[in-house]
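Starting off with a structure, shown below.
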Amino acid sequence: MKEIRIEANGKLGPINAAEIPRYAGAATYARLPRLDQVEQADLKIVGVPFDTGVSYRPGARFGANHIRESSRLIRPYNPAVDLSPFEHIQVADAGDMAVNPFNINEAIETIQQNALDLTADGSKLLTLGGDHTIALPLLRAASERAGEPVAMLHFDAHLDTWDTYFGAEYTHGTPFRRAVEEGILDTEAISHVGTRGPLYGKRDLEDDRRFGFGIITSSDVYYQGVAEVVDKLRQRIGNRPLYISIDIDVLDPAHAPGTGTPEAGGITSRELLEIIRGLRGMNLVGADLVEVAPAYDHAEITGVAGSHVAYDLISLFADQARVAAESASGTSAE
Ligand SMILES: N=C(N)NCCCC(=O)O
Ligand SMILES: [Zn+2]
Ligand SMILES: [Zn+2]
């Protein structure tokens with residue numbers, strides 16, 4: 001069937017839901033064009049079907065396609081930030097990386113190389129799915145492209161700065177310790193948001209602090225509120241190149257049951273979306289959304305949350321482009 005798409009400012013947008021019912025056809029994220037359907041993309045959305053690094057329930061290898069299927073209802077205008085993101089940047093779905101499920105070291109190499117290849121033309125990357133192991137190669141690629149260690153906001157129930165599991169260095173509980181060891185993070189500007197739940201010991205927090213991480217716990221979000229949290233994060237990060245890593249388990253299991261290591265007492269999807277929206281104007285260079293495991297989901301609760309989180313991340317990228325275009329053309333950029 002012929003696709004009928006929304007087009008504006010020379011950008012090829014989603015399939016028009018007024019012409020072709022939104023439940024029809026193969027899923028791309030938000031029914032956006034595939035990368036091979038556009039001449040160029042400013043932001044590429046790519047799936048990472050990999051979950052060999054998990055310590056508990058597997059299934060995040062199916063996360064990207066679940067988020068795509070759950071994103072069919074996304075509409076083109078984002079009123080929360082007064083922006084039609086797909087009109088300001090060309091966004092395209094680049095499909096999935098082909099990652100070895102039997103060899104973690106090789107998988108990490110592939111992810112890093114694919115991320116570098118996809119951004120060689122100056123475009124940016126938002127990855128969907130996979131377990132949190134994949135943040136390490138994605139951060140390596142992001143810091144190489146930025147030409148310096150990157151700031152990071154890490155939304156997660158977990159610290160993911162543990163040392164090893166069963167002697168393994170590369171797992172979904174250890175990417176950020178490795179990243180600090182490798183010197184690819186700007187340790188003046190890294191923060192966890194939404195952490196909670198039992199730890200192995202107090203030492204986990206001491207190690208984490210030593211690496212440079214600031215912590216805003218799930219309870220801090222509750223007691224301080226979104227506005228104060230956003231303020232603190234913006235101050236800590238300033239204009240540094242910023243990578244955002246979102247583990248969907250940062251949400252309470254009521255908001256995201258479909259994940260591998262759920263912890264009670266999480267933030268709501270409203271809080272997460274509001275914090276992301278509060279980051280407008282920051283120097284975002286890349287992002288991932290990990291740990292969506294559809295086997296434990298119901299009624300696409302987690303898939304819908306993930307698809308909307310991705311939409312507000314895309315809106316941040318688009319807003320950066322809007323501001324840059326406005327200042328280039330001399331119109332005031334608010
Ligand atoms: N979900 C992520 N990324 N990490 C959880 C690791 C929890 C653990 O096995 O102790
Ligand atoms: Zn994690
Ligand atoms: Zn987690």
Side-chain angles (χ1 to χ4, degrees), residues 48-64 66-67 104 107-108 111 127-139 152-180 185 190-205 207-208 211 213 215-219 221 243-269 271-272 275 286-297 302 305-306 309-310 313:
V48 187
F50 172 84
D51 64 8
T52 312
V54 300
S55 58
Y56 195 45
R57 301 167 173 173
R61 64 178 61 181
F62 301 110
H66 187 60
I67 296 167
I104 295 187
I108 287 173
I111 295 164
T127 69
L128 302 179
D131 75 51
H132 227 151
T133 311
I134 71 168
L136 178 64
L138 294 171
L139 280 166
M152 180 178 67
L153 280 182
H154 168 221
F155 294 87
D156 204 322
H158 308 101
L159 302 167
D160 289 352
T161 50
W162 286 294
D163 192 4
T164 57
Y165 282 78
F166 291 81
E169 288 177 285
Y170 301 106
T171 77
H172 79 153
T174 57
F176 303 120
R177 183 185 289 235
R178 297 290 94 80
V180 169
L185 291 178
I190 50 179
S191 284
H192 308 292
V193 182
T195 51
R196 62 190 187 273
L199 299 171
Y200 297 96
K202 203 169 181 160
R203 164 106 188 264
D204 296 351
L205 292 170
D207 285 351
D208 193 82
F211 300 144
F213 280 94
I215 299 187
I216 291 174
T217 65
S218 175
S219 302
V221 175
Y243 185 91
I244 299 181
S245 184
I246 301 184
D247 184 327
I248 201 69
D249 72 28
V250 70
L251 298 181
D252 191 88
H255 294 259
T259 196
T261 46
E263 311 278 351
I267 65 174
T268 65
S269 49
E271 287 165 331
L272 177 57
I275 294 172
D288 64 59
L289 171 58
V290 297
E291 300 283 348
V292 172
Y296 316 98
D297 204 8
T302 317
V309 166
L313 287 170

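Counting starts at 1 for both ligands and their atoms, following the listed order.
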* Is Asp163 salt-bridged to Arg178, going by a charged N under 4.0 Å from an acidic O? -> yes
* Mind checking whether the Zn ion (ligand 3) has an N, O or S of Glu263 under 2.8 Å? -> no
* Can you tell me if Asp156 has an N, O or S atom under 2.8 Å away from the Zn ion (ligand 2)? -> yes
* **Close-contact set for ligand 1 against Ser55 heavy atoms, below 4.0 Å** => 6 (C), 7 (C), 8 (C), 9 (O)
* **Heteroatom test (N, O or S) for Asp247 near the Zn ion (ligand 2), limit 2.8 Å** => yes
* Asked: Is the Zn ion (ligand 3) under 2.8 Å from any N, O or S atom of Asp160?
  -> no
* Please identify which atoms of ligand 1 are closer than 4.0 Å to at least one heavy atom of Asp249. => 1 (N)
* **Protein heavy-atom partner closest to atom 2 (C) of ligand 1 - residue, atom, separation in Å** => His172 ND1, 3.3 Å
* For Tyr165, the ligand 1 atoms whose distance to one of its heavy atoms is below 4.0 Å -> 6 (C), 7 (C), 8 (C), 9 (O), 10 (O)
* To do: Let me know which of Asp208, Thr171, Asp204, Thr174 forms a side chain to side chain donor-acceptor pair (under 3.5 Å) with Trp162.
  => Asp204
* To do: Taking both backbone and side-chain atoms into account, decide whether His158 has an N/O/S atom under 2.8 Å from the Zn ion (ligand 3).
  => yes
* Relative to ligand 1, is Val54 under 4.0 angstrom through side chain, backbone, both or neither, heavy atoms considered? -> neither
* **Per-atom contacts of ligand 1 with Thr261, taking only distances under 4.0 Å to non-hydrogen atoms** => 1 (N), 2 (C), 5 (C)
* To do: Would you mind checking which non-hydrogen protein atom is closest to atom 4 (N) of ligand 1, with the distance to 0.1 Å?
  => Asp160 OD1, 2.9 Å
* **Metal check, the Zn ion (ligand 3) vs Glu291 N/O/S, cut-off below 2.8 Å** => no
* Can you list the ligand 1 atoms lying under 4.0 Å from a non-hydrogen atom of Asp247? -> 1 (N), 2 (C), 3 (N)
* Which atoms of ligand 1 have any heavy atom of His132 under 4.0 Å away? -> 3 (N)
* **Aromatic ring pairing Tyr200/Tyr165, orientation class (parallel under 30°, perpendicular over 60°, tilted between)** => perpendicular
* Report yes if some heavy atom in the side chain of Thr302 is under 4.5 Å from a heavy atom in the side chain of Leu251; otherwise report no. => no
* Asked: For ligand 1, which atoms sit closer than 4.0 Å to a heavy atom of Tyr200?
  -> 8 (C), 9 (O), 10 (O)
